[in-house]
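The next block holds one structure in the form of structure tokens; read it before the comments.
Treat the numbers as computed from the prediction; the structure is a model and nothing was measured. We name chains A, B, ... by the order of the sequence lines, and we start the count at 1 in each one.
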Number of protein chains: 2
Amino acid sequence: MSEATKERVRAAAEQLGYAGPDPRAASLRRGRSGIVGVLLEDRLADAFRDPINIAMLDGIAEETGAVGAGLLLLTESGTELANVTAAPMDAAILIACSTRLDESVARLRQRGLPLVAIEADDIDGVLAIGLDNREATARGAQHLRELGHSRVAVVALPIETGGASGPLPRDWDERATSFTALERLRGARDVFGSFDGWIADGSTIEAGYEAAMALLSSERIPRPTAIIAQSDLVAIGVIRAARQLRLSVPEDLSVLGFDGIDIAEEYELTTLVQPAQLKGRAAGRAVVELLAGGFPEPVGFTCELRIGATTGPAPS
Amino acid sequence: MSEATKERVRAAAEQLGYAGPDPRAASLRRGRSGIVGVLLEDRLADAFRDPINIAMLDGIAEETGAVGAGLLLLTESGTELANVTAAPMDAAILIACSTRLDESVARLRQRGLPLVAIEADDIDGVLAIGLDNREATARGAQHLRELGHSRVAVVALPIETGGASGPLPRDWDERATSFTALERLRGARDVFGSFDGWIADGSTIEAGYEAAMALLSSERIPRPTAIIAQSDLVAIGVIRAARQLRLSVPEDLSVLGFDGIDIAEEYELTTLVQPAQLKGRAAGRAVVELLAGGFPEPVGFTCELRIGATTGPAPS
DNA sequence: CGATTCGATCAAATCGATTCGACTAAGATA
DNA sequence: TATCTTAGTCGAATCGATTTGATCGAATCG
């Protein structure tokens, strides 16, 4: 096209007040909107309070951003089911969703969207990005056992959406719908058989504090010598509760975390370090491949046990 | 419609493999996609590292989610300019964007989208959600002056996109494009006239630590008796650097923060508490109103000076 | 009983970019 | 010179839901 013509077109567009090609029309015709949905279980503030989720999201953004796709945040709460149905996205990434029963996931599948799930049950047609939650927790538990601990308690992440915090029910294996929490519980059981536990209100320091207070000052159950926390934030809360109760860590109480977030290093937390950003990147890359018509393989990541200063020999 | 007909339709849809109404087509016809864009200056991981942004985003989500709109995350980096142009959104919220010159903002305006800017220069047709950055900083600075400080230094947030960390240039008033950093610098100038300063690498503890190390161990400039940090995270970094250098806070060095994030309370930080979530809510509500054809008013929020344990009388 | 109205049903036009096919013109080759 | 490419233009069909206007039947009212 000649430069003069270009200019003439530009001028005409200007005069007519043409605001540029309408993305809506383009996406209808092309069948692509350039949007990848990210479905989060929690409400936004909760989801982003945990550095793990942020790292994952960042990994996702890195890969999807590279092909010019935007990230649409979707939460399952309330009226937003409409959102899941009506959002013009090309694919979706499910983060920590209870995929088994969930209605929104069903809708997404029904729409025929390529789906990638991070840490979820295997589902037909949904590409899984996994983490060895169970084995990793077992490894951490084994570490505690080797230190002589036998009376351990678990502070679990919420095991079902909308569930309240409180003592971990005996039948958690049947009741839990949150995949990650469930797998980590199983890992603890693999080593210790049965144990007491408390469900925290989320992956936050405060929730960990509350839970540990309940566990450590209960008259109903004997005080554990070690606590397996299902996240580092929770573990930090546990440590604070112990301090509050004048228990020293690790002399009186050993604390095991999960995640390996930055702040855990300051506390010299013994924890299971997971590659959160890589997980996100893998999910992002999988989505990109799926959209390009490829057939990406499921990916599984493993955690590394990092021994810090919060676990020690069981008190005699 | 009769129940029988309904069922017949449903069956037919099932048989034809109809995947539900196509949101792309609906959004073309209706002229609405149900998506609100959120334009962030930083890359995602940086933006979400600061609890302030998360709180804001949560506030936004609360209001936009209530009308069934999803949030599309957009960053200005690299190839994503295409994104800003091609994303099918109904409106956009600009967070901490350098609105004056920015190309992406120009594109958004050109597209005729309703725009809401949080903490930005006034622009025609862009609804402003403001914060009294300048006055609040001045109030904090005044507090320091009343404590007898005269040699203060500022650790500033990045004053331009892509700018490196380093000493604060004398001509910051002309060079800065980041509205928030600029206003807070002006607030400090209102009270102290001139001062030394260092530009941090972002709103993180590490960046604050680096900056304070540079400021406090410099041989070029006399050691300040107080440091004005432009965010709480930075302030915490400053405190750590002071500790590292065996300076006690507030005896040897007073530290003033900004934001009032949760973690600041643990440090008993003297800081300017801003209503971050309200800011987000206001922006969200404004967008909703704009989309409904209303004419919302600009909103301005104010910070509250919370005096903690990190500021004290200047050493004699 | 005829006329009016209300509701339901259906066909057609619309949103705006993209893509496909046809057609034209200019240049290259036999 | 005639034919065949190649490039470039242009009109028309398409994506799929929504909305409007028209048509029809039934029920109500005078």
Is there a side-chain contact between Pro296(A) and Leu127(A) in this structure, where contact means two heavy atoms from C-beta onward sitting under 4.5 Å apart? yes
Ile60(A), Leu113(A), Val67(A), Ile93(A) screened by side-chain contact (heavy atoms from CB on, under 4.5 Å) with Val36(A), the one that passes: Ile93(A)
Interatomic distance, Arg30(A) CZ vs dC15(C) C1' [rounded to whole Å]: 17 Å
Looking only at N and O atoms, is any donor in the side chain of Arg29(B) or the base of dT14(C) less than 3.5 Å from an acceptor on the other one? yes
Report the distance from atom CZ of Arg24(B) to atom P of dT14(C), rounded to the nearest whole Å. 25 Å
Option among Val38(A), Ile129(A), Ile123(A), Leu108(A) that satisfies the side-chain contact (heavy atoms from CB on, under 4.5 Å) test with Leu94(A): Leu108(A)
In Watson-Crick or G-U wobble terms, with both distances under 3.5 Å, the base opposite dT28(D) is dA3(C)
Measure from CZ on Arg32(B) to P on dT14(C) and round the result to the nearest Å. 22 Å
When the distance from CG of Leu16(B) to P of dG16(D) is rounded to whole Å, what number comes out? 13 Å
As a test of reading the structure: which of dG16(C), dT19(C), dA17(D) is closest to the side chain of Leu28(B), going by heavy atoms? dG16(C)
Residue matched to dT9(D) through Watson-Crick or wobble contacts both under 3.5 angstrom: dA22(C)
Would you say the side-chain atoms of Gln230(B) pair up with the backbone N or O of Ala181(B), donor to acceptor, closer than 3.5 Å? yes
